[in-house]
Amino acid sequence: MITIGNYVKAKTPEEAYELNQARNSRVMGGMMWMRLGNARIKTLIDLSELGLDQIEETDHVFKIGAMCTLRQLEQCERLREEYGDGIAEAVRHIVGVQFRNQATVGGSIYGRFGFSDVLTALLALDTFVELYSGGIIRLSEFVNRRPDKDILLSIIIRKGKRKFRYESVRRTKTDFPVIACAVVTGIVHGRESWYFTVGARPMKAALVERKWQIAKDVSEGQISAYAKEIADEFTYGTNMRGSAEYRRHLAEVLIRRAICSILAEG
Ligand SMILES: Cc1cc2nc3c(=O)[nH]c(=O)nc-3n(C[C@H](O)[C@H](O)[C@H](O)COP(=O)(O)OP(=O)(O)OC[C@H]3O[C@@H](n4cnc5c(N)ncnc54)[C@H](O)[C@@H]3O)c2cc1C
């Protein structure tokens with residue numbers, strides 16, 4: 001059970017940060033995960049009045065406020081135009097619509113959950129996090145940091161012509177994924193680059209990058225070899241949802257499918 005002493009709606013990010021420095025303070029996102037835990041919270045800090053619930057776009061970036069819900073991510077037309085169905089595909093299996101209307105992007109990324117579809121998807125893109133105290137850092141760096149008392153303000157995705165695919169396998173609908181993969185390709189500094197993330201291994205998502213120039217008429221055998229090479233780069237573990245060996249096999253299959261799908265698009 002969770003016990004909360006004081007509830008404060010922060011008026012500014014500074015206030016939220018200051019309050020959060022106390023040992024028993026916690027920031028709340030949608031509370032969907034936190035409410036299932038056991039904790040005595042002295043001060044619960046609500047960020048909902050800080051205007052962090054918008055997806056903004058400039059010429060160069062998408063800026064997703066930490067309090068945006070997973071449903072906003074799923075329904076954002078501009079993200080769909082830019083990255084196809086991949087972003088919606090990454091979140092649409094998460095529990096149900098009512099749940100996704102409450103769970104936040106900030107809580108999902110701050111939590112750095114091993115099973116996270118959201119983290120797996122966003123890590124494959126050119127993504128940064130904006131922290132109140134820590135400034136703007138790459139998501140790939142943030143993911144390996146220990147949780148601290150900073151406040152996550154937004155997620156920033158740098159634009160660029162990228163193709164994005166997301167695939168996951170679940171034993172039953174709405175369960176945690178057994179494995180989750182994202183594959184992204186684009187031209188970076190004039191060279192074709194491929195980005196692969198695999199999450200729910202069951203460890204949290206990790207990223208592998210390759211400067212591959214894959215011809216459109218590449219053989220199926222060569223694509224399989226690429227997929228095997230990438231799947232072998234990650235470590236896998238065993239839990240009640242699947243063995244390490246099964247997960248490695250699934251990752252290879254999903255990566256191969258995603259590469260084929262991107263190449264077919266041309
Ligand atoms: C039953 C269930 C099934 C789920 N299934 C999936 C799934 O299949 N795939 C998937 O990807 N996810 C899944 N999730 C996770 C879910 O999508 C959210 O990631 C999770 O609920 C956290 O989001 P929240 O907004 O509820 O955060 P909260 O529960 O409010 O907070 C989570 C943590 O993040 C901290 N936090 C929140 N916001 C901030 C911030 N702005 N700055 C600093 N710290 C912050 C909190 O203090 C807390 O430690 C599941 C969750 C549940 C409960």
Side-chain angles (χ1 to χ4, degrees), residues 2 4 7-10 13 15-39 41-53 63-74 87-123 129-134 137 142-143 145-155 166-182 197-202 204-205 241:
I2 193 158
I4 298 162
Y7 163 83
V8 180
K9 256 190 187 179
E15 184 190 3
Y17 180 79
E18 293 305 332
L19 285 168
N20 198 33
Q21 300 317 298
R23 201 163 64 89
N24 292 335
S25 292
R26 295 283 286 276
V27 172
M28 62 177 275
M31 280 297 276
M32 304 307 275
W33 182 259
M34 207 179 354
R35 73 192 163 89
L36 301 179
N38 276 318
I41 298 174
K42 192 157 172 245
T43 306
L44 185 68
I45 307 153
D46 184 346
L47 307 180
S48 64
E49 286 198 346
L50 301 185
L52 301 175
D53 59 348
K63 188 169 176 182
I64 304 167
M67 290 300 282
C68 283
T69 66
L70 300 187
R71 186 71 173 156
Q72 278 173 269
L73 212 55
E74 185 179 356
I87 302 270
E89 177 60 25
V91 294
R92 78 182 177 91
H93 302 280
I94 302 175
V95 189
V97 172
Q98 292 93 331
F99 182 95
R100 298 197 295 279
N101 269 327
Q102 280 193 263
T104 62
V105 177
S108 301
I109 294 298
Y110 187 85
R112 287 159 272 203
F113 304 112
F115 54 75
S116 182
D117 292 283
V118 186
L119 183 59
T120 307
L122 294 181
L123 188 61
V129 294
E130 182 190 7
L131 301 162
Y132 175 77
S133 166
I137 60 167
F142 179 73
V143 96
R145 277 197 185 174
R146 286 190 171 191
D148 58 17
K149 290 288 205 170
D150 213 338
I151 308 272
L152 179 56
L153 297 175
S154 68
I155 311 295
Y166 187 85
E167 307 242 6
S168 64
V169 172
R170 287 166 154 80
R171 289 175 72 101
T172 61
K173 218 169 171 222
T174 78
D175 191 12
F176 291 129
V178 178
I179 200 84
C181 294
T197 54
V198 181
R201 298 174 285 121
K204 67 188 165 200
R241 287 187 177 75

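Start at 1 and go down the list; that is how both ligands and their atoms are numbered. Quick caveat, the model's predicted, so the values are computed rather than measured.
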Go through the structure and list residues passing salt bridge (Lys or Arg N to Asp or Glu O under 4.0 Å) with R171, not counting sequence neighbours.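 So R171 forms no salt bridge (Lys or Arg N to Asp or Glu O under 4.0 Å) with any residue.
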Report, as yes or no, whether the 6.0 Å neighbourhood of atom CD on Q98 holds more than 12 heavy atoms from other residues, nucleotides or ligands.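 No - once you tally the heavy atoms of other residues, nucleotides and ligands closer than 6.0 Å, there are 12 at most.
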When you measure from the side chain of K149 to the backbone of N20, do you find a donor-acceptor pair of N or O atoms at a distance under 3.5 Å?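 Flag set: sc K149 to bb N20 pair under 3.5 Å.
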When you pair each N or O of ligand 1 with protein N or O atoms, which pairs come out under 3.5 Å?
residue	atom	partner	partner atom	Å
ligand 1	8 (O)	R170	NH2	2.9
ligand 1	9 (N)	D117	OD2	2.7
ligand 1	11 (O)	D117	N	2.7
ligand 1	11 (O)	D117	OD2	3.4
ligand 1	19 (O)	S108	OG	2.7
ligand 1	21 (O)	W33	N	3.4
ligand 1	25 (O)	G30	N	2.7
ligand 1	25 (O)	T104	N	2.7
ligand 1	25 (O)	T104	OG1	2.6
ligand 1	26 (O)	M31	N	3.4
ligand 1	26 (O)	M32	N	2.8
ligand 1	26 (O)	W33	N	3.4
ligand 1	29 (O)	W33	N	3.1
ligand 1	29 (O)	M34	N	2.8
ligand 1	30 (O)	G29	N	2.8
ligand 1	30 (O)	G30	N	3.4
ligand 1	30 (O)	M31	N	2.8
ligand 1	41 (N)	L152	O	2.9
ligand 1	42 (N)	L152	N	2.9
ligand 1	47 (O)	V27	O	2.5

Determine all donor-acceptor pairs shorter than 3.5 Å in which one atom belongs to a side chain in residues 172-180; sequence neighbours excluded.
residue	atom	partner	partner atom	Å
D175	OD1	R241	NE	3.2
D175	OD1	R241	NH2	2.9
D175	OD2	R241	NE	3.0

Salt bridge (Lys or Arg N to Asp or Glu O under 4.0 Å) contacts touching residues 94-106 (sequence neighbours left out):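 As it turns out, the salt bridge (Lys or Arg N to Asp or Glu O under 4.0 Å) pairs with a partner in residues 94-106, which skip direct neighbours, are E74-R100.
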Could you check whether D150 pairs with R145 (Lys NZ or Arg NE/NH1/NH2 to Asp/Glu carboxylate O, under 4.0 Å)?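 Not counted as a salt bridge, because no side-chain N and carboxylate O are separated by less than 4.0 Å.
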